[in-house]
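Notes follow once the structure below has been shown.
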Amino acid sequence: MNKAQLDTLLKENPPRASFLYGDSFMVGYYGKKIAQSLKSEEKTTFYFDEYNNVSVNTLLSQGSLFGTSSLVVLKIHHKLSKADVELFLHSLSANTHNALIVEYYQAQNKSSGDYMRDCKGIAGYFHHPKMPKNSVVEVRFFESNMRECIGFLQERSKELGLKIDDRILTQILNIQNNDIALSLNELEKFSIYAGKSIDMSEVNLLCDGVGSFSIEELCCAVMDKKPFIHILQNIYEEGVNEIMMIGEIQRFFYQLFLFFAYAKSYGSINAREILGYNPPTHIIERLSRYCIRFKETEYIHIFELLSLWRYEVSKGKSKQSMGALIKIQELIR
């Protein structure tokens with residue numbers, strides 16, 4: 001099934017078992033859209049390493065004694081086995097009030113070719129003789145074109161009550177280098193102007209462009225144990241204030257610690273409860289994956305390193321970044 005066919009289906013009767021793969025933004029976007037269409041009373045999400053086939057099947061097998069329906073969402077980057085998929089669909093065929101959404105993302109250590117081979121394999125498992133046609137679907141998503149991106153921005157603007165025309169939406173998309181996930185996030189800033197026509201003055205005031213070498217890229221390079229010297233050099237060449245850079249790096253690792261602490265306390269991840277808003281799916285996945293690479297004591301050490309770096313810069317010792325970042329990288333498991 002393609003995106004257009006899924007859009008038509010969602011207007012009629014949302015599928016009860018969905019396997020979504022391809023472009024990461026589109027997978028997360030439509031996973032959320034299907035969940036909203038299902039209107040299930042109870043929703044349980046399993047993130048990446050939390051996956052447990054017994055727990056998933058228990059939820060899908062629940063009866064509806066109290067008239068409640070259960071939705072299970074799997075956000076994973078490992079290949080599901082045929083046995084697991086057959087087990088889940090069998091449970092859904094016997095419990096028609098429940099539903100399953102599988103969002104399959106490409107792991108960083110997996111090539112695009114291997115990812116697509118896995119996707120085709122899993123897609124072949126998504127059928128069941130006792131479930132009606134179109135109640136079980138597999139959908140491959142491709143990267144959004146400009147028209148689709150503007151459509152997503154229009155839809156979100158309407159939800160936020162914003163009066164904003166396509167010319168302004170196109171400008172916001174251009175500022176974010178056509179990254180639709182970042183552009184949707186930018187729209188949240190304009191909620192203070194709900195009901196008021198938005199022009200370029202508000203865009204120039206609130207929107208930050210994405211530089212070719214951002215501080216976020218630097219943090220990701222450190223976390224992925226990749227060389228980061230060229231990124232750091234470009235950040236300095238762009239004239240970024242070093243105190244500001246340290247503040248952004250501290251914020252990055254503080255978010256990781258919040259995800260770590262929440263997962264340790266509750267055994268799952270809820271980005272809205274942790275951050276107060278829902279960032280794009282790929283960011284949630286990244287923070288969820290990175291946060292478990294440190295122990296609690298190592299987080300304390302990281303914050304001490306960053307505080308010392310900030311103190312040294314405040315005393316006039318500029319460009320002290322290499323030592324701190326190398327030490328942080330050495331702590332990564």
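Keep in mind that the numbers below use all heavy atoms, side chains included, and drop hydrogens, waters and symmetry copies.
The shortest non-hydrogen separation linking His282 to Ala181 is CE1-CB, 3.7 Å. Residues Asn98 and Leu60 come closest through the heavy atom pair ND2-O, 2.9 Å. Heavy atoms only, all atoms of each residue included: Ile34 and Ser18 are closest at CD1-OG, 3.8 Å. The two residues Cys149 and Ile180 make their nearest non-hydrogen contact at O-CD1, 3.6 Å.
A donor atom on one side chain and an acceptor atom on the other are not found under 3.5 Å apart for Gln62 and Asn95. Glu138 and Tyr125 share no donor-acceptor pair across their side chains, judged by distance under 3.5 Å alone. Using a 3.5 Å distance cut-off with no hydrogens or angles, the side chains of Glu285 and Tyr105 do not pair a donor with an acceptor.
Using a 4.0 Å cut-off between charged side-chain N and carboxylate O, Asp224 and Arg293 make a salt bridge. With respect to the salt-bridge test (charged N to carboxylate O, under 4.0 angstrom), the residues Arg251 and Glu248 qualify.
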- Trace of the side-chain contact (heavy atoms from CB on, under 4.5 Å) decision for Met26 with Lys3: CA-CA 9 Å; Met26 296 289 281; Lys3 184 180 79 67; 3.2 Å; yes
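Between Phe141 and Tyr30, the angle of the ring planes stays under 30°, which puts this pair in the parallel group of the 30/60° scheme. Between Tyr299 and Phe260, the ring planes are tilted. Angles from 30° to 60° get that label.
Inter-residue side-chain proximity for Val73 and Thr44 is flagged as unmet; no heavy-atom pair is nearer than 4.5 Å.
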